[in-house]
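Here is the naming used below: chain letters follow the sequence lines, and residue numbers restart at 1 for every chain. All heavy atoms count here, side chains included; hydrogens, waters and symmetry mates do not.
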Amino acid sequence: MSFVEGLNDRQKEAVLHTEGPLLILAGAGSGKTRVLTHRIAYMIEEKEVFPNNILAITFTNKAANEMKERVGSLVGDKIEDIWIGTFHSICVRILRMNINKIGYDRSFTIYDTADQKTLIKECIKEQNVDKEMFKEKTILGIISSLKDKMKGPDTYIKANEGNYYNETVGKIYDLYEKKLRKNNALDFDDLILKTIQLLRTNPDVLEFYQRKFRYIFVDEYQDTNKAQYELIKLFSERYKNLCVVGDDDQSIYGWRGADIRNILDFEKDFPDAKIIKLEQNYRSTKNILTVANSIIKNNNERKNKKLWTDNIDGSPVILNKAFDERDEANFVAETIRELVDSGKHKPSECAILYRTNAQSRSFEEVFMRRNISYKIVGGLKFYDRKEIKDIIAYLRLIQNPVDDISFRRVINVPKRGIGAATIEKIENYASQTGESLYSAILDVEDIPGLSKRATNNLTKFTDMINEFIAMKEVMDLKDFIEEVVNDTGYINELEKEDTIEATTRIENLKEFISVAIDFEMINEEGTLEDFLADISLLSDVDNMEEADESVTMLTVHSAKGLEFPVVFLVGMEEGLFPMGRALDSESELEEERRLCYVAVTRAEEVLYITYANLRTIYGNTTYSLPSRFLKEMPRAIIQDGDEERLNTQGFKTSNLSFGEIGKKDKLRGMNKNKQNVSIGSKVRHKKWGEGTVVQVKEKSGDMEIVVAFKEQGIKKLLLSVAPIEII
DNA sequence: ACGGGCGTCTTTTTT
DNA sequence: AGACGCCCGT
């Protein structure tokens, strides 16, 4: 069997180049996964590389599973010995075996964002500082970005001497780290950082993994941050057989610490690196690709690369201007209806891509009303639900009793008469003795000031948890979790509630148990520890079911790596896409542009782009201009779906060229003698009917008027662009 | 221990 | 607009 059959020349070259550093610049839809999987298979089957000498790192579990499946179909059982996983899961695997060497217990807990928040709140409180000035979200953001850059609290404090705010943040950071340590817990960033620390301080461990990972792959290299970069460097130092795959044009996580320089500077960091560009696209039509190319070429910070395809021209990209977000949603719904009724596409082949999650609402409303089934990716995650977090907290406490965050979460859930006053007494005592909360209540008599009742309740609690700790050793996972759900009285309390909400929660818990069953099937030797680590590294896209008959709605970010025959890119307006605050920085604007590029390249056959004239964001209705990115698209292959429809709705439309769309709105109405508006004037609005002006004020060279409409209530309008006339 | 009222915030989120 | 967190009253 040949592993280069059916590949193009560039792809073949990438498969055959197995020794030394290699950068594969893989454009969207250029068959990168195919190259990666074939390259691994080729190495194993033809070059006699041992599977256990291969490490493949991806960013998502989904990508990891896909790779496992595809490589597995080429090499069979040997797949078992290859380390394929996300950065985080690979690190967990290494840490589970070795973290005791840097002073943690191997049963460590992984804290998610919510746990981090709880912890940081505690730190701020303990520092006794003005919490108006030190917002948890801001501080968490600073800490996370420092961690991404591998800067510890000490360096930060030193670098900010004399700066009260920063110094204080540094102290909070320091406290945060100490608390994590004390709870035997690691946050997501720590998984990488502690692995680096482990390798740096233990030469034998480092050598072991360097020898083991003789061949290394990293997918989505453009999204790596400093810490991940350092980790890869450590791993690959010995053999330098490092193959990274990425696309600088698809770097959209800069705001999370992804450093685009990692990919732009690969040749500098790894001399003698070979670079292969994959520019042939197998996914999209020529028309779609032309639009994508003409957008991305406006960026400066990029490698020179241009996608091309042998695919057909396809249908023109269709642009639609809507009146407001409801109108926009109706257009999308109608179009999907037509596509489905005419038998051209299934609902599951259609996706709606937006910039912010909040935009999904208008689509949901319209789709629900029209009975079109849909699913939303993102939003409230399964594992973020209260009942799931509660049960997980129980499991974590059982597994790692020094985890105070989990302790606090469950100590009085369900209610067992242990209130805030009692908890405070425990805390005071524990902070004196320096032990964990759970350890403190094991000797409950030693804690001063507790009531008889509280003491009793606490004893019952420790008896229960201790029993669980003993049980987990002898029971299988699913039975054990069921036991916890029942014996804690959690289900009981929900059943008593007898509300629809409580029933949903019970359903969710059942779902959680079936997650455990699935886990047990895949991991026969899996322990509670493994299970907890596994689920804390899961995301929403991972659980996306395929092949059902509904339209997918998701943010552009979540859509990365996916493809759909029909894509609706919606909300293409200045201030929304690109986002308002990205406008003052060139690099942020470029990231928005890459985001737009990612969106466009998700489409295989048909691409619709829509924008609305009027949009309500945060309860504020404003007029918006079409996105600048629209003006970067070539007029020639874009069909303005606008005209016909607007005419039927009675709106004026003009024949201005595409690049002038922005001006169209400004021009309209300017000659209508609107200057004489004052408080009390009666106006008629195209959509909202008659109203009375109640306020007039100047706003950035324009007049903003506030109008009380008879039916629709109070609206703010910009005089120059609002479709109103004075009556 | 719980609920109501009020102020605040609101981009994206692979782990 | 809507969600969330916090404070205070019961």
Exercise. Could you state the atom-to-atom distance from CZ of A:Arg594 to C1' of B:dT12 in whole Å?
Key: 13 Å

Self-check item: Residue pair A:Glu328 / A:Phe568, side-chain heavy-atom distance below 4.5 Å
Solution: no

Quiz item: Are any of the side-chain heavy atoms of A:Asn183 and A:Phe108 separated by less than 4.5 Å?
Solution: no

Exercise. Side chain of A:Glu136 only, please: which of B:dT12, C:dC6, B:dT11 is the nearest?
Key: C:dC6

Quiz item: With sequence neighbours left out, which residue pairs that include part of residues 250-259 of chain A fulfil the salt bridge (charged side-chain N to carboxylate O under 4.0 Å, His left out) condition?
Solution: A:Asp259-A:Arg261

Exercise. Tell me which nucleotide among B:dC9, B:dT14, B:dT12 gets nearest to the side chain of A:Lys135.
Key: B:dC9

Practice problem: Calculate the interatomic distance between A:Gln250 atom CD and B:dT14 atom P; express it in whole Å. | Solution: 16 Å

Quiz item: Think A:Lys121 has a side-chain N or O under 4.0 angstrom from the OP1 or OP2 of C:dG5?
Solution: no

Exercise. Give a yes/no on whether any side-chain N or O of A:Lys560 is located under 4.0 angstrom from OP1 or OP2 of B:dT12.
Key: no

Quiz item: Mapping A:Gly417 and A:His557 onto DNA chain B by nearest heavy atom, which one lands closer to the 5' end?
Solution: A:Gly417

Self-check item: A:Ser558 vs B:dT14: side-chain N/O to OP1/OP2 distance below 4.0 Å
Solution: no

Quiz prompt | Distance in angstrom units between A:Leu595 CG and B:dT11 C1', rounded | solution = 10 Å

Self-check item: Between A:Gln222 and A:Tyr253, a side-chain donor and acceptor under 3.5 Å
Solution: no

Self-check item: Gap between atoms CG and C1', on A:Leu562 and B:dT12 respectively (whole Å)
Solution: 15 Å

Quiz item: Is A:Tyr618 stacked on the base of B:dT10, meaning ring centres closer than 5.5 Å and planes within 30 degrees of each other?
Solution: yes

Quiz prompt | A:Phe577 CZ - B:dT12 P separation (whole Å) | solution = 12 Å

Self-check item: Touch class at under 4.0 angstrom, heavy-atom based, for A:Asn412 against every strand present
Solution: sugar-phosphate

Quiz item: When all nucleic acid strands are considered with a 4.0 Å heavy-atom cut-off, which category describes A:Arg361: base, sugar-phosphate, or nothing?
Solution: sugar-phosphate

Quiz prompt | Whole-Å distance separating the CZ atom of A:Phe59 from the C1' atom of B:dT13 | solution = 13 Å

Quiz item: Reckon A:Phe87 touches a base, only the sugar-phosphate, or nothing at all at heavy-atom distances under 4.0 Å?
Solution: nothing

Exercise. Output the single nucleotide from B:dT10, B:dT12, B:dT14 whose closest atom is nearest the side chain of A:Lys137.
Key: B:dT10

Quiz item: For the side chain of A:Arg355, counting heavy atoms from C-beta on, which of B:dT11, B:dT14, B:dC9 is nearest?
Solution: B:dT11

Quiz item: Hey, what's the ring geometry for A:Tyr165 with A:Phe134, parallel, tilted or perpendicular (30° and 60° as the breaks)?
Solution: parallel

Self-check item: Those residues that, when tested against A:Asp534, pass salt bridge (Lys or Arg N to Asp or Glu O under 4.0 Å) (two or more places apart)
Solution: none

Practice problem: Please report, rounded to the nearest Å, how far the C1' atom of B:dT12 is from the CD atom of A:Glu591. | Solution: 9 Å

Just the atom pairs and distances: protein N or O near nucleotides 7-10 of chain C's N or O, under 3.5 Å.
residue: C:dC7; atom: OP1; partner: A:Lys131; partner atom: NZ; Å: 2.9

Quiz item: Any chance the side chains of A:Tyr104 and A:Asp190 put a donor and an acceptor closer than 3.5 Å?
Solution: no

Exercise. For B:dT13, take OP1 and OP2 only and decide whether either is under 4.0 Å from a side-chain N or O of A:Thr555.
Key: yes

Quiz item: Taking only N and O in the side chain of A:Asn357, is any of them less than 4.0 Å away from OP1 or OP2 of B:dT10?
Solution: no

Practice problem: Can you tell me the distance, in whole Å, between the NZ atom of A:Lys415 and the C1' atom of B:dG3? | Solution: 12 Å

Quiz item: Do A:Asn298 and A:Phe629 have side-chain heavy atoms sitting under 4.5 Å apart?
Solution: no

